[in-house]
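Notes follow the structure.
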Amino acid sequence: ALFHLMCDWNIVIQFNPCYDATGYGPIFEEEPLDIVYTKESPDRHISMNCRARANPAPTYRWRRDNWEIKLMELPNEHYSLVGGNLIINNPEEKKHAGIYVCVAKNMYGTVISKEAKVKFGYLEEFPDEERDPVTVKEGQGAVLLCVPPKRWPAEVTFRWIYNEFPVFLHPDKRRFVSQSTGNLYISKVEASDAGNYSCYVFNPQIGKGVYSKFIPLISTEEKKRYKADLVVKFPDTTAMLNYNVTLECFALGNPAPHIVWRKIGATDLPASAQVSMSGALLHLYNVQYEDSAGYECEAINQKWQDWHQAWLYVEAAPEWAVTINNTQKDIGSEHTMSCVANGKPVPYIRWLKDGYSYGKGELKFSSLTFEDSGMYQCIAENYWGIIYASAELRVIACAPTFELNPVKKYLLGANNGRVVIECKPRAAPRPRFTWTKGKEVLFNNSRISIMFDGSLEILNATRNDEGVYTCLAENDRGKANSTGTLTITEATQITVAPEDTQVMVGEEVHLQCQASFDPSLDITFIWSLDFRVINFYLEWKHYERIMDSGELKIMNVQLRHEGRYTCTAQTVVDNVTASADLKVKGLPAPPGGVRVEEIRDTSVKLVWNQGADHGSPILGYTIQTRDFYALTEVDWKDASTSPTPLGGRSVMADVVDLYPWMEYEFRVYATNGFGDGEASIPSMKIKTWDAVPVVAPTNVGGYGGKDGELVITWTPVQPQYFYGKKFGYVVAFKPHDDVDWWYETISDPETRRYVHRDASFRVKSNDFQVREFQVKVKTFNSKGDGPYSLSTTVYYPRDVPSESPTDVYSRPVSSHEALVWWIPVKYWRKYDDTEPGANRIFVPASMNQTRLENMLPDSHYLIEVRAYNGAGVGPPSEHCEMFTKRAPPSVAPQMWRYISYSGKKPLFSSLLLCSALLCSAVQVMFRKTGYITGPIYMTGWHFIDFPMPQVGDYELEVRGRYEGGDGPIRKIRSNVCFCLIGMLENPFHFSVMVLLGK
């Protein structure tokens, strides 16, 4: 049993008069946590933390399995106390494993911490006995049993070693390691799976791992197909709210089965669900109550379908909905303490007082005594956890005192108004109240009444009510009084009230407000819109209060400014209000209450409420939709409706031409004479009913491969055309001359190819014709089958192409691209790259040219072309050699200006130097501002005279050029020439010197 703290409540009362005391009981700031200790731990001690805040400071004790640990009385070689922390030195399992609690105590009460478990972790070794070999035929499934050893904690990870450590097996579609049992499952055994396997178990909490003896896996040749058989089936599972849970499902079979997960009774898995390990694991993250349901996993291969269902239950640890707080109550008064916790199962509520069990449910006190004071703890617990709430109940008794809250010395009241004089002394128990005016004792009447809390209320106050008022409070501990003087002032009245106004969007409006008031007082005007006080500092762009009056100016009025404006004239004594409505004309308001009332496969019935027209009749409505595959939150599209168009009085419509089995949300906006209004809040998301698919796969084709393979390809149907759950494809094919079709079902909607293997398809030596197959593909879902695509002929080749392309020719387009032609492509740099690392590009058989991209500039390339079919690649063509162009210069030429004079002829020259020094030419463009002359190309050193036909302001542009393109432009402006030209009669020339180098 928990020990009980005895308190001398006479001392408590001494420190707890009616004014607040500085002392308080213990409140935990840090509590002990569960610990797993291992013998291999380098720390030869366990530290359990405990810290509480209290005044005076608390003392600490510890208990193990409800027995107090004697820390003070007897020395102990294992236990020691550091502050409130318990240290266990050289722990031993038999002596120190158990449940620990920390007890904190001071003069105001005692609290105990939540329980903390100390357990000793271990992981035993696997047995030394040799494991029996497992023999299985190729194509069959295999199960290798782990049989893990005993351990604590039970949460471990399982992996399998293949042949030698540390070569670990990587799970894939065929191989799965259950984290529940540790077993290794192989859906279909292949020859490469033969070898030795060892189960490796690792406990992360103790940092230890062990592995079993090797299990030989022997495979024998016999390739047969086996139906899907679920061997790993998740059981009924209970998950904790807001935690993660993983469900396992794995099947044996040949071909390797495909796993599909479903939530029973729902169209989709929860949004937080994630499937991994090729479908073997279903992860549900941050589980919520709505995730509680039946779940189904289905294993599918070409031989069979197998499925399993189990239930997921969601429960929750206790969480406080209503808790307790520190409370101070008068002696003899009634009091109720209650706390409410949410959880599943419903938490059990019990109480502790000063560390002692004190009942359950709700605590009720009919007449509090000093013995009821203390520290109370409410405890809520269920299977998933336990929570504590602590609070102090302090019972007080004292004579009335006005020391902290006297009656106001000077009181003001408005003429003909209501006056309340507060009287709130500290007293316990509650005192009796008596009021006097001067020497006259006041009694309750039609105008004057003494309220329950001791305050005096005066209705319709007049000048005659002025005077000195005294409140007398008395209880069995004593009595006290406090006095104040009441003065009556003139009442405040609105003299000019705001008027209802209509205004257009963008205009300015003034709302008047004036009031009369007592001249001895100050007045303040407060404006509010629909009961929200206007903040002139934050809303200065639209609102301004005219100084020295209550007038409100609203600038650049918007629709959001419409509403009821209230002016409040306020003094320290009273206040009075007046209101007016502001109507704003403009775009219509958004409709409200948009909701779907009827759902069909391709249409819904949508209903909404009309919004305000803002001074212009609504002309019509537009409905917009956003489906599950919308790219952004603003990706709304106008919907087709019935009727069309929607009139201004419409409040419902049928939205048509929707996709079946598609998630939609809807919104509506109105249109009036000013334009389109703001759209409504979107409706709740709905999903249309499912329907039979109507879209067939496109681009159906294929080719014959090696060793009897027939490859059939198609472009998958877009998800919006699935029209229902369990969407898939039916692939039909037959030899050209046969009557009967062969059918294969594909359950993965994203699949784009199917490979059929049949030894009879192999080309024999006496076959001289290419085989033809007719292929077609259709869709299906849970509602039925869709249409087939058009039939396509697929050819099965006798061999790889025997001839190479001829007349291969290429030419460079730029420094990074080239064009290649050939008659009915891999390419690499001749000296810098190797042929195995060449770039490859595949071109359809109907084309005889292509563009090669991402080539390096100024490089020597070799190009070869081959033909290919399903059987392989034919011989190469002759190599075609080509050079890519050099890249454009990256920097503009640099320029130096100077002016020279020769007789009467001034000479303006510029020296231009290509910064890259790799140019093969420089483009020089000379122009008078506004007129452009042709470019000139130069190499080497050049000195060029440009005749200037007339006086003007001239510019010079220079850029470098390679075969691969032009570099950036450098500009100079002949401002000096402009000044000199006015002094000349003869035409004068602009000279340019250009230096180019390699």
Side-chain angles (χ1 to χ4, degrees), residues 139 172-174 187-188 190 223-228 251 253-260 275 278-279 298-306 692-719 721-763 770-782 784-797 842 844-845 868-872:
D172 53 26
K173 185 176 181 179
R174 288 192 310 110
S187 62
K188 65 166 187 175
E190 298 178 353
K223 294 186 177 179
K224 291 178 59 178
R225 295 191 174 187
Y226 298 92
K227 67 179 183 181
N254 183 20
H258 175 67
I259 305 293
V260 178
V275 178
S278 300
E298 183 178 12
I300 308 168
N301 70 358
Q302 297 172 8
K303 295 290 291 183
W304 192 252
Q305 292 177 321
D306 193 11
V692 174
V694 297
V695 177
T698 57
N699 299 326
V700 177
Y703 54 88
K706 297 180 179 180
D707 300 328
E709 289 184 351
L710 177 63
V711 181
I712 302 172
T713 61
W714 62 91
T715 299
V717 173
Q718 295 297 315
Y721 299 108
F722 288 176
Y723 287 9
K725 59 183 177 180
K726 297 184 179 179
F727 182 87
Y729 303 98
V730 175
V731 180
F733 58 95
K734 70 180 182 66
H736 184 70
D737 297 329
D738 285 7
V739 176
D740 296 330
W741 290 81
W742 298 1
Y743 301 94
E744 290 292 343
T745 300
I746 309 298
S747 60
D748 184 357
E750 297 182 0
T751 299
R752 58 181 62 243
R753 68 196 298 264
Y754 168 71
V755 180
H756 182 79
R757 294 178 177 85
D758 195 319
S760 64
F761 291 175
R762 294 177 181 172
V763 178
V770 176
R771 294 187 180 183
E772 297 182 11
F773 288 85
Q774 296 295 315
V775 300
K776 58 184 179 180
V777 184
K778 73 175 180 180
T779 58
F780 71 90
N781 63 18
S782 59
D785 294 346
Y788 272 110
S789 66
L790 296 176
S791 295
T792 303
T793 301
V794 173
Y795 299 95
Y796 195 93
F842 292 91
Y868 75 95
N869 61 17

| query | Does any non-hydrogen side-chain atom of Glu750 lie less than 4.5 Å from one of Pro716? | reply | no
| task | Only counting residues at least two apart or in another chain, list the ones meeting ring pair (Phe, Tyr, Trp, His ring centres under 6.0 Å) with Tyr729. | result | Trp714, Phe727
| field | Pair Asp306 + Lys227: basic N to acidic O under 4.0 Å | value | no
| Would a 4.5 Å heavy-atom cut-off, applied to side chains only, mark Lys726 and Phe780 as touching? | no
| field | Student check: side-chain heavy atoms of Ile300 and Val260 closer than 4.5 Å | value | yes
| query | Are Phe733 and Glu744 close enough that some pair of their side-chain heavy atoms sits under 4.5 Å apart? | reply | yes
| Reported CG-to-OH distance for the pair Asn254 and Tyr226, which is rounded to 0.5 angstrom | 8.0 Å
| field | Thr793 vs Gln774 side-chain heavy atoms within contact, under 4.5 Å | value | yes
| Candidate list Val777, Val730, Thr779, test side-chain contact (heavy atoms from CB on, under 4.5 Å), partner Tyr788, passing option | Val730
| query | Okay, side chain of Asp738, backbone of Asp740: is any donor-acceptor separation there less than 3.5 Å? | reply | no
| said: Return the OG to CG distance between Ser187 and Asn301, rounded to the nearest 0.5 Å. | reply: 9.0 Å
| said: Is the shortest side-chain heavy-atom distance between Tyr754 and His756 below 4.5 Å? | reply: yes
| said: So does Thr713 get a backbone contact from the side chain of Asn699, meaning a donor-acceptor N/O pair under 3.5 Å? | reply: no
| request: Calculate, to the nearest 0.5 Å, the distance between atoms NE2 and OG belonging to His736 and Ser791 respectively. | output: 11.0 Å
| said: Looking at Lys188, is its backbone amide N or carbonyl O close enough to the side chain of Arg174 to form a donor-acceptor pair, meaning the two atoms are under 3.5 Å apart? | reply: yes
| message | Are the side chains of Tyr743 and Val731 in contact, using a 4.5 Å heavy-atom criterion? | response | no
| Are any of the side-chain heavy atoms of Leu790 and Val700 separated by less than 4.5 Å? | no
| message | Once ring pair (Phe, Tyr, Trp, His ring centres under 6.0 Å) is applied, do any residues pair with Tyr721, and if so which ones, sequence neighbours excluded? | response | Tyr659
